[in-house]
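One structure is given here, and the rest of the page talks about it.
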2 protein chains.
Amino acid sequence: MRKNAEINATPVCQVRMQAISDAMSLLSGKWKFHILGTLIEGNTLGFMDLLREIDGIGTKMLSKELQDLEMNNLVSRTVMNTKPITVEYSITEYGKTLSSLIDELANWGIEYRKSVYEKGNN
Amino acid sequence: MRKNAEINATPVCQVRMQAISDAMSLLSGKWKFHILGTLIEGNTLGFMDLLREIDGIGTKMLSKELQDLEMNNLVSRTVMNTKPITVEYSITEYGKTLSSLIDELANWGIEYRKSVYEKGNN
DNA sequence: CGGTATAGTATCCAATAGGAAACTACTTTC
DNA sequence: GAAAGTAGTTTCCTATTGGATACTATACCG
């Protein structure tokens, strides 16, 4: 009979839990994966491009999320010396390390939807 | 010069975007990955076990998140015919399909933390 | 019969997330 | 000179999230 014995008290689990919290704090929110996925697909895009690509997002959220992602070195922002001024957003090398995770998330979501649909038919 | 041409307008991207939204709606929140991770590790645990394992969670959130996960068929809840009454929570077969995703998220988080630490030393 | 364990609910509150709309500021095009 | 495109910021508002605390209800243990 376990009272305060803990699975998660093992050092390896503590590290994993911490890591999940870390990752979630960078990637949580309604739009981060959409932005990252779009930038991985599109290479470099301007602010207005992203606004058009990501269905439903508004300027405030896009601006805020891009700042977050830039701060965490997942996205880079470059002001171009053009007239009218343009800004190029692109995924960083580090941001690219997320692409398999995003793929897996997307594929899991696709399978999940299929499974729900199949269940619905039974 | 692209005006409303869209990367994400392609059917394959639409499906991916939808899938990411689907997955996020099931998995978002502060505790879901922790609960799932703990149940994958621990196989079957009672409510109080989970409360002890998951550092910082309270009864309200644990209860609510378990209900969500159960509704989405990721966790199963079995009331045992014991005195005092006990409840066994475990990961479902379907829930187990998330384990590689959770692993990848945790590993990414570990690497991210390392990279921040290294940057800090430069 | 009081303490402790099981498994939660209910209530109240604070913080955060997110959306709509208006606005800034600059430039090019018609 | 007005419209439209660049890239945002600001303000106001609502909804969701999450936490603390107290409470219910049952049952065993001593």
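Throughout, a chain's letter reflects where its sequence line sits, starting with A, and its residues are numbered from 1.
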N/O donor to acceptor pairs below 3.5 angstrom from side-chain atoms of residues 63-73 of chain B, sequence neighbours left out:
from, atom 1, to, atom 2, distance (Å)
N72(B), ND2, D68(B), O, 3.2

Using distance only, find each side-chain donor-acceptor pair of residues 101-108 of chain B under 3.5 Å and give its atom names and separation, not counting sequence neighbours.
from, atom 1, to, atom 2, distance (Å)
D103(B), OD1, R16(A), NH1, 2.9
D103(B), OD1, R16(A), NH2, 3.2
E104(B), OE2, S100(A), OG, 2.5
E104(B), OE2, L101(A), N, 3.4
N107(B), ND2, D103(B), O, 3.2
W108(B), NE1, T97(A), OG1, 3.0

Would you jot down, in residue-number order, the residues of residues 14-27 of chain A having a non-hydrogen atom under 4.0 Å from DNA chain D?
-> none
Sorted by number, residues from residues 69-79 of chain B placing a heavy atom under 4.0 Å from DNA chain D are none
Hydrophobic cluster mates of V15(A), side-chain heavy atoms under 4.5 angstrom, ILVMFWY only, any path?
-> I110(B)
Result for side chain to side chain contact (heavy atoms under 4.5 Å, CB included) between L45(A) and one of L51(A), I35(A), I54(A), L39(A) points to L39(A)
Does R52(A) make a side-chain N or O approach to OP1 or OP2 of dT6(D) shorter than 4.0 Å?
-> yes
N/O (side chain, Q67(A)) to phosphate O (OP1/OP2, dT9(D)) under 4.0 Å | yes
Sugar-phosphate, base or nothing in reach of E88(A), heavy atoms under 4.0 Å | nothing
Qualifying residues under salt bridge (charged side-chain N to carboxylate O under 4.0 Å, His left out), relative to [X], sequence neighbours excluded:
X      : value
R77(B) : none
K30(A) : none
K60(B) : none

Once base and sugar-phosphate atoms are separated, protein heavy atoms under 4.0 Å mark nucleotides 17-22 of chain C, 5' to 3', with B, S and - as -BBB--
Quick one: side-chain contact (heavy atoms from CB on, under 4.5 Å) partners of S28(A), sequence neighbours excluded?
-> none
Heteroatom pairs (N/O) under 3.5 angstrom, protein to nucleotides 25-30 of chain C:
none

Check: C13(A) main-chain N/O paired with N8(A) side-chain donor or acceptor under 3.5 Å | no
Summary of salt bridge (charged side-chain N to carboxylate O under 4.0 Å, His left out) pairs that have at least one residue in residues 80-91 of chain A, sequence neighbours excluded = none
